[in-house]
Amino acid sequence: MSMEMPIGQKDTKGFMTGYLEALALVERLHRLLLDVIKDEFERVGVLEINAVQALLLFNIGDNEVTAGELKTRGYYQGSNVSYNLKKLVEMGYMHHQRCEIDRRSVRVRLTAKGREIRDVVNELFLRHAEGLEARDVIGSEGIADITASLKRVERYWTDQIRYIY
């Protein structure tokens, strides 16, 4: 007996299986990225900040931003941002200053110490990019395909949040 799908009918169960596998992979990759960053900081002897904080410093880069802007850009959620920003200011990795227009809002930027951490993460990512390409794990075209696909999923999820509720 043939198990072939009738022409024009979609394999919803197969797609769902692939979708769930992709979701699990994205989640695992994020946790693995944090572990990779943590290991790099242990290797170079920086133990006072965690991987999430290091990634936050990397993502801020040379910009001056508010916690709200970091959330809007999609880097971080809720109180996690405020807590980590406060800790990074206390440890001297960031400067903070109240906004002149909206006194409730605080703008942050990296100190020299914060830029050093950003540079460590940047060097780590540069080594990874070079290694992935040199070992033929993935090339420019593959990265472009993955990025385009993930952006489409991001757009779909964002639309779900905006228009469903």
Side-chain angles (χ1 to χ4, degrees), residues 10-85 87-89 91-95 107-162:
K10 291 187 177 190
D11 180 11
T12 305
K13 186 176 181 185
F15 183 84
M16 179 65 168
T17 300
Y19 178 60
L20 293 176
E21 185 178 352
L23 291 177
L25 184 58
V26 167
E27 191 176 349
R28 279 196 317 270
L29 284 172
H30 177 68
R31 284 194 308 268
L32 188 57
L33 172 64
L34 295 176
D35 287 344
V36 166
I37 293 169
K38 176 181 162 282
D39 286 351
E40 179 69 5
F41 277 87
E42 288 174 359
R43 188 183 70 73
V44 298
V46 177
L47 305 175
E48 71 179 342
I49 71 168
N50 64 41
V52 170
Q53 292 165 339
L55 202 50
L56 181 61
L57 293 170
F58 175 78
N59 285 323
I60 290 171
D62 291 326
N63 301 310
E64 185 174 292
V65 297
T66 65
E69 288 169 336
L70 288 170
K71 289 183 227 173
T72 302
R73 292 178 188 183
Y75 292 134
Y76 303 94
Q77 296 294 317
S79 62
N80 186 21
V81 178
S82 300
Y83 171 80
N84 282 310
L85 289 178
K87 285 295 193 188
L88 289 166
V89 168
M91 292 186 288
Y93 291 99
M94 301 184 82
H95 292 294
R107 298 195 68 73
V108 295
R109 70 182 187 287
L110 303 187
T111 62
K113 189 176 174 182
R115 288 190 299 276
E116 288 174 13
I117 296 298
R118 181 219 36 219
D119 292 346
V120 170
V121 176
N122 189 64
E123 288 298 317
L124 174 66
F125 290 168
L126 182 60
R127 281 198 322 269
H128 288 171
E130 290 170 349
L132 287 166
E133 202 167 22
R135 293 185 180 133
D136 286 329
V137 174
I138 193 164
S140 297
E141 191 174 306
I143 284 290
D145 290 345
I146 289 170
T147 302
S149 295
L150 289 173
K151 283 181 178 180
R152 287 191 303 271
V153 172
E154 178 185 37
R155 209 169 16 252
Y156 176 78
W157 285 351
T158 300
D159 289 348
Q160 296 304 298
I161 293 167
R162 287 187 184 146

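Rounding to the nearest 0.5 Å places CD1 of I138 at 7.5 Å from CG of L132. Interatomic distance, I117 CD1 to L110 CG, rounded to the nearest 0.5 Å: 10.0 Å. A distance of 10.0 Å separates CG of L32 from CD1 of I37, quoted to the nearest 0.5 Å.
In this view, V89 and M94, H96 satisfy the side-chain contact (heavy atoms from CB on, under 4.5 Å) rule, not counting sequence neighbours. Among residues two or more places apart in sequence or in another chain, the side-chain contact (heavy atoms from CB on, under 4.5 Å) test is passed with D39 by E42. The side chain to side chain donor-acceptor pair (under 3.5 Å) search around T17 returns none, not counting sequence neighbours. For F58, the ring pair (Phe, Tyr, Trp, His ring centres under 6.0 Å) test picks out F125, with sequence neighbours left out. For S149, the side-chain contact (heavy atoms from CB on, under 4.5 Å) partners at least two apart in sequence or on another chain are R152. Residues that satisfy the side-chain contact (heavy atoms from CB on, under 4.5 Å) test with H95, not counting sequence neighbours, are R109, T111.
For residues 125-146, every residue pair satisfying the salt bridge (charged side-chain N to carboxylate O under 4.0 Å, His left out) rule, not counting sequence neighbours, is listed here: E40-R127. The stretch residues 18-32 participates, sequence neighbours left out, in these salt bridge (charged side-chain N to carboxylate O under 4.0 Å, His left out) pairs: E27-R31. Residue pairs meeting the ring pair (Phe, Tyr, Trp, His ring centres under 6.0 Å) criterion with at least one member in residues 17-49, sequence neighbours excluded, do not occur. For residues 113-126, the salt bridge (charged side-chain N to carboxylate O under 4.0 Å, His left out) pairs, not counting sequence neighbours, are E48-K113, D62-R118.
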> Taking it one step at a time, do N63 and E69 satisfy side chain to side chain contact (heavy atoms under 4.5 Å, CB included)?
Replying inline: CA-CA 11 Å; N63 301 310; E69 288 169 336; over 6 Å; no
>> Apply side chain to side chain contact (heavy atoms under 4.5 Å, CB included) to residues L29 and L33 and explain how you reach the verdict.
In response: CA-CA 6 Å; L29 284 172; L33 172 64; over 6 Å; no
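The two atoms that bring V46 and I49 nearest to each other are CG1-CG1, 4.3 Å, heavy atoms only. Heavy-atom minimum distance, L34 versus A51: O-CB, 3.2 Å.
Proximity of V121 to L57: side-chain heavy atoms (C-beta onward) are nowhere separated by under 4.5 Å. The shortest side-chain heavy-atom distance between L85 and I60 falls under the 4.5 Å cut-off.
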